[in-house]
Structures are given as C-alpha cells and as structure tokens.
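What follows is a set of notes on a single structure, which appears directly below.
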Amino acid sequence: MQNVHQGFRAETLVRFLKARDWNVAKAHKMLVDCLHWRVQNTIDDILAKPIVPTELYGAVRDSQLIGMSGYSREGLPVFAIGVGLSTFDKASVHYYVQSHIQINEYRDCVILPSASKKHGRPITTCIKVLDMTGLKLSALSKIKLLTIISTIDDLNYPEKTNTYYIVNAPYIFSACWKVVKPLLQERTRKKIQVLPGCGRDELLKIMDIASLPHFCRKDGSGSSRNSENENCFSLDHPFHQQLYNYIKQQSLITEPAQPIKQGSFHVDLPEPAAEETEIAKSLESELQKFEKGNMLSKSTDGIKIDDD
C-alpha cells in the first residue's frame, strides 16, 4: 500500500473513491483488488526488470510511442502518446504491457514524488497529449492490446490522468469519437479535450513551449522524428535514458550477483470490463464500416456512368 500512495494516502483514497463514484464499499473492493493484483504479479519488483537486450527495448520504444515532454505550469508531468503511429509489432504483448506498467510505476514512484517535493504540495496526476497522426484502418489490429492496457490502468491506476488532450485528429478519429463518446462515463468525457490542429495554441496556455510535445510544435508536424533530443518518443530522449538507467540500477541492487536475464515480465492480463468491451466492439464495427467504404470507393474509381 505504501508503494501505491507514496506518502499521499488521502489523495490515493480519493482517487479510488472517484473511480467508483464515491461508493465507499466499491472503492474499498477496488483498492483491495488492486493490492492483490500487485502482490500476485510482484508489481513492486517490475522497476528492477529491464527489457534486454537494449536493441529489443529500442524496438519496443520505436513501436510503442510514449514519452514525457516536460511539465505544465502547475507542475503536472506531460506525457505524450503517439496513438496513430504506434504499431505494437516488434515484440510480444507481454513486453508492451511490461513497458507500460514500468512507465506507470516510474511516474508514480519517482516523477510525481519529485514534482510534489519541488512544488511543496501533492502532485498525484499527470496530463496526457494523444497524437492521432497516421491513424488508419490498421488500428483495428491494435484494439485488443490497447483494451488490455486501458483495463490495467482503469483497475490499478485510477484517476491518474487529469486531462487527455487529443491533437492532429484525422477524419477517421472524428467518426470513431462520435461512436465512443456516448459510451464513456461522464467523469471520463469531461477529461477529454479534442483540440484543433496540433493543439499548439491551446496547450501553450497551460505549459511553456519547452514542455510542448514535438508533434505539437506546428501544424502538420505530426509525429515525425525530429532531432532525437526533442522527440520524447526516442530512446535517446533524456526521459527514456533516465528511466532505463533507473531500471538497470534497480536490477543491480536487488540481484547484484545475478546476470540480467532476457525475457518479458509476465503480468496476468485482465478481462476487460463491460464498458471496455462495448467500446472495443463499437470501434471495431466503425473501423470495419470505413474499410468496406474504402473498398467500395476503390472499386468504383474510374468507372464512367453515362447519362443514358
């Protein structure tokens, strides 16, 4: 429990209460289930289990685009996620889940406590900027993995994100959003803001330009690989270098005489909640409609219909 609350017990209890609409019995069950999940899957040890070799970790980073670009003016960490260009095709599901949980744990055990100390007040949440550049029908193949990751977050890291900002949204996202939005709980809907274009002007109201994710720097910039130091998805970015070095150091502390073994850190993959399942099915249905529409438009390309 101490590893969960990191000294902010009251704020942690409030997070679980919010996640269960202030129903004390349901919030208590959720917290106990979370603690059981952590014990059964030895989550407290996950920051001492580096993904090796480094080439494999680099492949995970190249295909699971996530990074930390800086802080908001209120001191909240800003995490950037390349939803549209993440392929999740360079490693097994377990490596991607391991990587995601490690970033969660590093955020909760290192970044948030450090930010709280710096600002002299509890900082227990973050901001996420989701880049939809490159979102295509191939997203259909990612839905299962994304649902697993989302379920892990919902059940074990509730209310850790203050606001989700969606940028560079193509037409296909707008259509999917219309389907998904009504299925979300009201407290989740209120957290999501779809910004015009790359979102630069809106985001600069809450953070300095140095903390702006690289894909928000100018319209049309997308998630292209800029200089490695600016691209927070890159393994060479200071955030990922610090994270990976921290994990390797922790592995040497816990098992100093043991060589670092290759292999993923297996976590029991949760069964998605009813809401998650409904959202996934709705997304799948909407994307399939687009696929059929695209095939139909391609088949009619170049066909001339006479007035007769």
Side-chain angles (χ1 to χ4, degrees), residues 63-67 78-89 93 96 100 127-154 161-203 206 212-224 233 271-303 305:
S63 53
Q64 182 185 31
L65 302 180
I66 183 171
V78 178
F79 283 87
I81 303 171
V83 177
L85 292 177
S86 289
T87 56
F88 298 103
D89 60 351
V93 169
Y96 289 116
H100 180 78
I127 289 169
K128 290 184 179 177
V129 184
L130 280 56
D131 180 26
M132 296 295 167
T133 296
L135 189 66
K136 297 176 182 174
L137 293 172
S138 57
L140 197 61
S141 62
K142 309 174 196 173
I143 289 176
K144 184 176 180 181
L145 174 56
L146 291 174
T147 302
I148 289 170
I149 287 174
S150 177
T151 303
I152 287 172
D153 283 355
D154 289 346
T161 303
N162 190 58
T163 312
Y164 297 88
Y165 294 101
I166 294 173
V167 302
N168 296 319
Y171 174 73
I172 190 172
F173 168 79
S174 303
C176 291
W177 178 236
K178 287 178 184 176
V179 173
V180 170
K181 190 175 180 180
L183 303 176
L184 298 174
Q185 295 183 25
E186 185 179 359
R187 59 183 167 77
T188 304
R189 282 201 304 270
K190 287 180 177 178
K191 290 182 180 181
I192 300 173
Q193 294 189 31
V194 183
L195 303 181
C198 68
R200 174 189 167 106
D201 293 341
E202 292 298 314
L203 292 173
I206 62 166
L212 207 63
H214 60 280
F215 50 79
C216 297
R217 298 297 172 96
K218 60 180 181 178
D219 283 311
S221 64
S223 296
S224 59
F233 297 153
E271 284 294 322
E275 182 191 26
E276 301 277 356
T277 302
E278 189 176 358
I279 289 170
K281 285 181 179 177
S282 299
L283 274 174
E284 194 168 349
S285 173
E286 194 64 24
L287 288 166
Q288 284 173 345
K289 285 180 191 174
F290 268 97
E291 193 168 27
K292 288 176 183 175
N294 275 6
M295 289 173 65
L296 182 62
S297 73
K298 285 177 182 177
S299 67
T300 57
D301 279 351
I303 297 176
I305 301 173

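The figures that follow rest on heavy atoms only: side chains count, while hydrogens, waters and symmetry mates do not.
By the side-chain hydrogen bond (donor to acceptor under 3.5 Å, both in side chains) test, Arg187 pairs with Glu159, Gln185, sequence neighbours left out. By the side-chain hydrogen bond (donor to acceptor under 3.5 Å, both in side chains) test, Thr87 is found to be paired with Asp89, residues two or more places apart in sequence or in another chain being considered. Residues passing the ring-ring contact (aromatic ring centres under 6.0 Å, His included) test with Tyr165, sequence neighbours excluded: none. By the side-chain hydrogen bond (donor to acceptor under 3.5 Å, both in side chains) test, Gln193 pairs with no residue at all, sequence neighbours left out.
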*Take Ile192 and Leu184 through the test side-chain contact (heavy atoms from CB on, under 4.5 Å) and record every step on the way to the result.*
CA-CA 10 Å; Ile192 300 173; Leu184 298 174; 3.8 Å; yes
*Could you check Ile127 against Ile206 for side-chain contact (heavy atoms from CB on, under 4.5 Å), going step by step and ending with a plain yes or no?*
CA-CA 10 Å; Ile127 289 169; Ile206 62 166; 4.0 Å; yes
_Working for side-chain contact (heavy atoms from CB on, under 4.5 Å), residues Phe173 and Val194_ = CA-CA 10 Å; Phe173 168 79; Val194 183; 4.0 Å; yes
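Rounding to the nearest 0.5 Å places OH of Tyr96 at 13.0 Å from CD1 of Ile66. Note that CD1 of Ile166 is 5.5 Å distant from CH2 of Trp177, once rounded to the nearest 0.5 Å. The OG atom of Ser174 lies 10.5 Å from the CE atom of Met132; values are rounded to the nearest 0.5 Å. Between Ser63 atom OG and Leu85 atom CG the span is 12.0 Å, to the nearest 0.5 Å.
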Show every donor-acceptor pair shorter than 3.5 Å between a side-chain atom in residues 145-152 and any protein atom, with sequence neighbours excluded, or say none if there are none.
{"unit_1": "Thr147", "atom_1": "OG1", "unit_2": "Ile143", "atom_2": "O", "d": "2.7"}
{"unit_1": "Ser150", "atom_1": "OG", "unit_2": "Glu276", "atom_2": "OE1", "d": "3.2"}
{"unit_1": "Ser150", "atom_1": "OG", "unit_2": "Glu276", "atom_2": "OE2", "d": "3.2"}
{"unit_1": "Thr151", "atom_1": "OG1", "unit_2": "Thr147", "atom_2": "O", "d": "2.7"}

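Residue pairs meeting the salt bridge (charged side-chain N to carboxylate O under 4.0 Å, His left out) criterion with at least one partner in residues 172-186, sequence neighbours excluded, are Glu186-Lys190.
The side-chain heavy atoms of Phe215 and Val129, taken from C-beta on, include a pair separated by under 4.5 Å.
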